[in-house]
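These notes are about the structure you will find just below.
Note: hydrogens, waters and symmetry copies are ignored here, and every other heavy atom, side chains too, is used.
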Amino acid sequence: MNEALSPLGVPRIYGDMPPFMAFPYVRDLSTLAVDAAVVGMPYDGLATFRGGATRRAPQEIRKYSLLYGSYSFDWDMDILNHISVADVGDIDVVPGNNAESYARLEARLETILAKGAVPLMIGGDHGISYPAVRAVAEAGDAPVGLIVFDTHLDLSESFGGDRLTRASPLLRIAELDKVDPRRIVVIGARGPRNLPEWTPLYRKLGITVFSMAEVERLGMDAVCERARHIATAGGARLYVSLDIDGVDPAFAPATNSPESGGLTAREIIRGVRIVAREGFSGFDLVEVSPDFDSASGTTSILAARLLAEALFCLAASKGGEQNRWRRAHATGPIEE
């Protein structure tokens, strides 16, 4: 019988930072030979509301990831029965230089993708999704579709004169050659912090937006099923971006621009399971700001869980058990 999970004895990448979920740390990418690779992007660009401090998120999320093992009761499955995973550490960013930091991330992701691994990024602010999607797009011939959990549409042309910030990733991604905006879906948009010009722009571009009102009306399952269908139309590869502010601050208070009335922790876990049920080509989780978290690390705990769920989705997809979480402990017939 295995002993209870314990952080004791887990090797550290540096200081007190362990690799994600205690998976092996691979520093030299020339030796990388896994199915999925976790990479940290500790980068803060311009803060649009309060100082982001998202640069500390990869460190804190990794620490709390030691709460979790590779076996999940929900799935009654061990990740490592189907896929191999490694943590490849953090990008060496250049504070204050968005373009250079983005280029370094993109180059590292290109190497990871060339090795046949699926990248999962821990941000960092939401601007980093742009170079990540671009790297994934350039790594294959098929087009890329995008599903974003977010309270904001992030469609600004620029912020403070800079076109590469957390205010613009969706617009920059929509401009990529291999991304048709009609394959972009936003789930959970809400609130008076969205700019008025973003609404006519998303409609003009053909982006599908499921507002929180629509999530409430249709239900999380239906919304996420439709989102996956739209994003992967025509055989497009799927990229999933999860901005933690899409979650209600009751469950995820530590973020740059919190917005009440959002998704619950249970809804976002379910959402990830549904949109990622067939796997994905890239995944990121962004905008966690540990300096604003509760003493218990509420936001980082949820963030670590969501990244773990993404890995379980990859494993289940490879093992042909995409709906295992629905039936693992069912006490009666269920619809799949």
Side-chain angles (χ1 to χ4, degrees), residues 4-32 34-45 51-70 79-80 84-96 101-102 104-105 107-109 111-112 115 117-129 131-132 242-244 252-256 282-312:
L5 294 173
S6 171
L8 299 177
V10 175
R12 273 22 183 190
I13 296 176
Y14 63 82
D16 64 348
M17 188 178 81
F20 187 78
M21 288 176 65
F23 289 123
Y25 169 48
V26 176
R27 181 171 184 167
D28 181 0
L29 291 189
S30 68
T31 67
L32 187 68
V34 293
D35 299 298
V38 178
V39 56
M41 179 59 174
Y43 188 75
D44 275 322
T54 59
R55 62 188 174 277
R56 293 207 313 107
Q59 178 183 14
E60 291 300 307
I61 292 170
R62 283 184 173 108
K63 289 179 183 178
Y64 284 106
S65 75
L66 297 188
L67 282 167
Y68 308 123
S70 60
I79 291 172
L80 299 177
S84 55
V85 185
D87 190 324
V88 298
D90 288 348
I91 304 302
D92 185 15
V93 302
V94 183
S101 296
Y102 286 9
R104 293 184 181 192
L105 170 63
R108 195 157 180 84
L109 292 182
T111 303
I112 291 168
K115 289 287 187 176
V118 175
L120 293 90
M121 270 201 320
I122 312 174
D125 72 38
H126 210 167
I128 67 176
S129 295
L242 200 163
D243 186 328
I244 203 68
T255 189
N256 174 62
F283 188 101
D284 69 54
L285 191 147
V286 297
E287 294 290 350
V288 172
S289 301
D291 287 359
F292 302 121
D293 214 350
S294 68
S296 297
T298 303
T299 312
S300 292
I301 290 170
L302 177 59
R305 173 67 185 277
L306 293 169
L307 287 160
E309 288 295 334
L311 289 170
F312 278 104

Donor-acceptor list for residues 8-16 side chains, cut-off 3.5 Å, not counting sequence neighbours:
{"from": "R12", "atom 1": "NH1", "to": "V10", "atom 2": "O", "distance (Å)": "2.7"}
{"from": "D16", "atom 1": "OD1", "to": "Q59", "atom 2": "NE2", "distance (Å)": "3.3"}
{"from": "D16", "atom 1": "OD2", "to": "K63", "atom 2": "NZ", "distance (Å)": "2.9"}

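- The CG atom of L285 sits 5.0 Å away from the CG atom of L307 when rounded to the nearest 0.5 Å.
- With sequence neighbours excluded, the residues satisfying side chain to side chain contact (heavy atoms under 4.5 Å, CB included) with D92 are R104.
- Partners of D87 by salt bridge (charged side-chain N to carboxylate O under 4.0 Å, His left out), not counting sequence neighbours, listed by chain and number: R62.
- To the nearest 0.5 Å, the span separating CD1 on I79 from CZ on F312 amounts to 4.0 Å.
- Under the salt bridge (charged side-chain N to carboxylate O under 4.0 Å, His left out) criterion, the residue pairs touching residues 296-308 are D74-R305, R305-E309, with sequence neighbours excluded.
- Side-chain contact between T299 and P290: absent, with no pair of heavy atoms (C-beta onward) separated by less than 4.5 Å.
- In this structure the side chain of D44 never reaches within 4.5 angstrom of the side chain of N256, judged on heavy atoms.
- Summarising the geometry, atom CE belonging to M41 is positioned 7.5 Å from atom OH belonging to Y43; distances are rounded to the nearest 0.5 Å.
- The shortest non-hydrogen separation linking A86 to F23 is CA-CB, 4.4 Å.
- If you take CG on D293 and CD1 on I301, they are separated by 8.0 Å, rounding to the nearest 0.5 Å.
- In this structure S84 satisfies the side chain to side chain contact (heavy atoms under 4.5 Å, CB included) test together with V34, D35, sequence neighbours excluded.
- Residue E60 holds its CD atom at 8.5 Å from CG of D291, rounded to the nearest 0.5 Å.
- With sequence neighbours excluded, the residues satisfying ring pair (Phe, Tyr, Trp, His ring centres under 6.0 Å) with F283 are F280.
- Contact between V88 and A37 at its shortest, heavy atoms only, is CG1-CB, 4.1 Å.
- Qualifying side-chain hydrogen bond (donor to acceptor under 3.5 Å, both in side chains) partners for D284, counting only residues two or more places apart in sequence or in other chains: S129, Y239, S241.
- L105 and I128 make their closest contact through CD2-O, 3.7 Å (heavy atoms, listed as atom of the first residue, atom of the second, distance).
- Checking side-chain atoms of E287 against main-chain N and O of T255 turns up no donor-acceptor pair under 3.5 Å.
- D90 places no side-chain N or O within donor-acceptor distance of the main-chain N or O of P58, the cut-off being under 3.5 Å.
- Within the 3.5 Å criterion, the main-chain N or O of M21 finds a donor-acceptor partner in the side chain of S65.
- Contact record, A22 with L66: N-CD2, 3.6 Å, taken as the closest heavy-atom pair.
- Under the salt bridge (charged side-chain N to carboxylate O under 4.0 Å, His left out) criterion, R108 pairs with no residue, sequence neighbours left out.
- The shortest side-chain heavy-atom distance between F20 and V85 does not fall under the 4.5 Å cut-off.
- In plain terms, the two heavy atoms of P42 and V93 that are nearest each other are O-CG2, 3.8 Å.
- Legend: residues meeting side chain to side chain contact (heavy atoms under 4.5 Å, CB included) with T31, ordered by chain and number and at least two apart, are V26, D28.
- Put simply, OG1 on T54 and CD1 on I61 are 9.5 Å apart, with the number rounded to the nearest 0.5 Å.
- Looking at heavy atoms from C-beta onward, V288 lies in side-chain contact with S300 at the 4.5 angstrom threshold.
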